[in-house]
Amino acid sequence: MKGARRSTCPACLRHLAPTPCVDGSGEPSRLAIRQSRGRTDGGAHVTVDSADSTAAARSPRKRAAAKKSVKKAPGKTAAKQQPELVQLLTPEGERVKDATYDKYVTDVTDDSLRGLYRDMVMARRFDAEAVTLQRQGELGLWPSLLGQEAAQVGSGRATRDDDYVFPTYREHGVAWCRGVDPTNLLGMFRGVNNGGWDPNTNNFHLYTIVIGSQTLHATGYAMGIAKDGADSAVIAYFGDGASSQGDVAESFTFSAVYNAPVVFFCQNNQWAISEPTEKQTRVPLYQRAQGFGFPGVRVDGNDVLAVLAVTRWALERARDGEGPTLVEAFTYRMGAHTTSDDPTKYRADEERVAWEAKDPILRLRTYLENHTDTGEEFFTELEAESETLGKRVREAVRAMEDPDRMAMFENAYADGHALVDEERAQFAAYQASFADGEGA
């Protein structure tokens, strides 16, 4: 071609190769061959005989123009592929079959479904009472689980007594399933203790406020029980926002390399406070597991039956020595991130309304009413039971005694410290300065 010249190919320029594809002899240069190894495009270097093509490779505008000029053949436009979603109950309360996961819920009877429904109702009632208590000044803060009941109850009921759970600070429904007294969850948020339960009593770790760090704790614990030869598994909860934390990536790496019996349960409620999921990842969260060498699955987080089935499968894999699994429960945070948050500032009300139609409790109730012999008496009695729980929680919180203010200076050092003694004296003098002698 007249006026054409040989040059480096656009692929080399895109991958920042410092040498052309070919040397003076017309054969690929040694450096170019070395650089092609490990490239994701297969290392296919080509020569370009057009000066205009080389210029286009160097110019982003020309590259974009070149892309626009390419016409797609009729009928070749592919629809955007939607991520696979495991679902056993539709939002309308209809049962759908799944060849892979149906076998994990064959033992679920109508009574079992009523039990799952009760769990979700009780968890929501407890959560609503806690929100009210915070608004009344009885709690300093509260992170609501509203909308995520199915994700928590389904996964919580999938665990065995000898499994170990590492929660964040929002797993109130999981705590309920593990037998933790709801009133014990509130002491930390009232500021009277650092967590009101013994983790080893229910194999349910204390709430973790630091985002993502519990996944490391879970991985280490799972590696430990594997070395002990225990026939049990570990499950670690975290949110879509925490998935961006380095601690989570490190836990994925270690669990994969050491084949740790751990399930990473990500509740993707679409918002990391005010940051939407699409600003945190270019792929569905469950697909991240592929890069670490273990399976990931996305489940309808508002379908308690599907969550139960998928989590049972993942925990069974862990106990059988098949290593970690990432479960992404695709759900929605119906309320605020915490009671200090105002979600109307960053998300549309239409979005919330659309997700209300997928409410996990309403979904299961519809199924119970249409496909089982569950009568209205069951729902009436359950409502009364939930109100009793709300009253008990309210009374328990208001009866909590404030801790000794001077206790914060204890146990800072094993043998004491002069600086701590000085601070203790200053604080005592400050407290004594109030008229009632009890401080503000």
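Just so you know, residue 1 is the first one in the sequence shown, and it goes up from there.
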Check this for me: [X], atom [atom1], are more than 12 non-hydrogen atoms of other residues, nucleotides or ligands nearer than 6.0 Å?
X      : atom1 : value
Asp161 : CG    : no
Glu377 : CD    : no
Asp404 : CG    : yes
Asp342 : CG    : yes
Phe254 : CZ    : no
Tyr258 : OH    : no

* To do: Give the C-alpha distance, both sets of side-chain angles, the deciding distance and a yes or no for side chain to side chain donor-acceptor pair (under 3.5 Å) between Thr159 and Arg178.
  => CA-CA 9 Å; Thr159 60; Arg178 297 298 293 181; 2.8 Å; yes

Compare all side-chain heavy atoms of [X] with those of [Y] and state whether any distance is below 4.5 angstrom.
X      : Y      : result
Thr219 : Phe264 : yes
Trp271 : Pro276 : yes
Gln148 : Arg333 : yes
Pro324 : Phe292 : no
Trp176 : Asp119 : yes
Tyr286 : Cys266 : no
Ile361 : Val121 : yes
Glu328 : Ser243 : no

* Asked: Between Phe252 and Arg288, is there a cation-pi geometry (under 6.0 Å to ring centre, at most 45° from the normal)?
  -> no

* Kindly confirm or rule out a cation-pi arrangement of Arg298 over Phe330, judged by NZ or CZ under 6.0 Å from the six-membered ring centre and within 45° of its axis? => yes

* How far apart are the C-alpha atoms of Gln134 and Phe189, what are their side-chain angles, what is the distance that settles it, and do they pass the side-chain contact (heavy atoms from CB on, under 4.5 Å) test? -> CA-CA 9 Å; Gln134 193 282 329; Phe189 295 98; over 6 Å; no

Side chain of [X], backbone of [Y]: donor and acceptor closer than 3.5 Å?
X      : Y      : result
Thr331 : Gly147 : yes
Asp303 : Leu89  : yes
Asp341 : Ala336 : no
Arg317 : Glu322 : yes
Tyr207 : His172 : yes
Gln152 : Ala150 : no
Arg170 : His337 : yes
Thr325 : Val263 : no
Thr372 : Leu368 : yes
Trp197 : Asn202 : no

* To do: Kindly determine whether Arg394 and Gln136 satisfy side chain to side chain donor-acceptor pair (under 3.5 Å), including the steps that lead there.
  => CA-CA 11 Å; Arg394 185 164 55 251; Gln136 295 173 345; over 6 Å; no

* Begin with the C-alpha distance, continue with both residues' side-chain angles, and end with the deciding distance and a verdict on side chain to side chain donor-acceptor pair (under 3.5 Å) for Tyr117 and Thr374. => CA-CA 11 Å; Tyr117 182 84; Thr374 306; over 6 Å; no

* Asked: Taking Tyr332 as the fixed residue, which of Arg352, Gln267, Glu351 is the one that meets the side-chain hydrogen bond (donor to acceptor under 3.5 Å, both in side chains) rule?
  -> Glu351

For the [atom1] atom of [X] and the [atom2] atom of [Y], what is their distance to the nearest 0.5 Å?
X      : Y      : atom1 : atom2 : answer
Glu385 : Glu381 : CD    : CD    : 9.0 Å
Asp247 : Leu216 : CG    : CG    : 4.5 Å
Arg424 : Phe409 : CZ    : CZ    : 7.0 Å
Tyr169 : Thr338 : OH    : OG1   : 8.0 Å
Asp421 : Tyr413 : CG    : OH    : 11.0 Å
Leu185 : Phe204 : CG    : CZ    : 7.0 Å

Which pair of non-hydrogen atoms, one from [X] and one from [Y], has the smallest distance, and what is that distance?
X      : Y      : result
Gln280 : Glu275 : NE2-O, 3.7 Å
Ala233 : Ala318 : CB-CB, 3.9 Å
Asn259 : Gly323 : OD1-CA, 3.2 Å
Ala329 : Ala151 : CB-CB, 4.0 Å
Leu133 : Val397 : CD1-CG2, 3.8 Å
Arg347 : Met334 : NH2-O, 3.2 Å

* Begin from the C-alpha positions of Asp373 and Arg114 and carry the test salt bridge (charged side-chain N to carboxylate O under 4.0 Å, His left out) through to its verdict. => CA-CA 11 Å; Asp373 60 355; Arg114 282 187 282 268; 3.3 Å; yes

* **For Val327, the option from Val310, Leu285, Ile235, Val86 that meets side-chain contact (heavy atoms from CB on, under 4.5 Å)** => Val310

* Please lay out, stage by stage, how Leu206 and Asn194 fare under the test side-chain contact (heavy atoms from CB on, under 4.5 Å). => CA-CA 9 Å; Leu206 296 176; Asn194 295 317; 6.0 Å; no

Regarding [X] and [Y], does a basic nitrogen lie under 4.0 Å from an acidic carboxylate oxygen?
X      : Y      : result
Arg125 : Glu129 : yes
Asp359 : Arg365 : no
Asp181 : Arg392 : yes
Asp102 : Arg95  : yes
Arg319 : Asp163 : yes

* Asked: Angle class for the Tyr101/Trp313 ring planes (parallel below 30°, perpendicular above 60°, tilted otherwise)?
  -> perpendicular

* To do: Just say parallel, tilted or perpendicular for the rings of Tyr237 and Phe265, cut-offs at 30° and 60°.
  => tilted

* Where do Ser144 and Asp127 land on the side chain to side chain donor-acceptor pair (under 3.5 Å) test, with the steps shown first? -> CA-CA 6 Å; Ser144 175; Asp127 179 71; 2.6 Å; yes

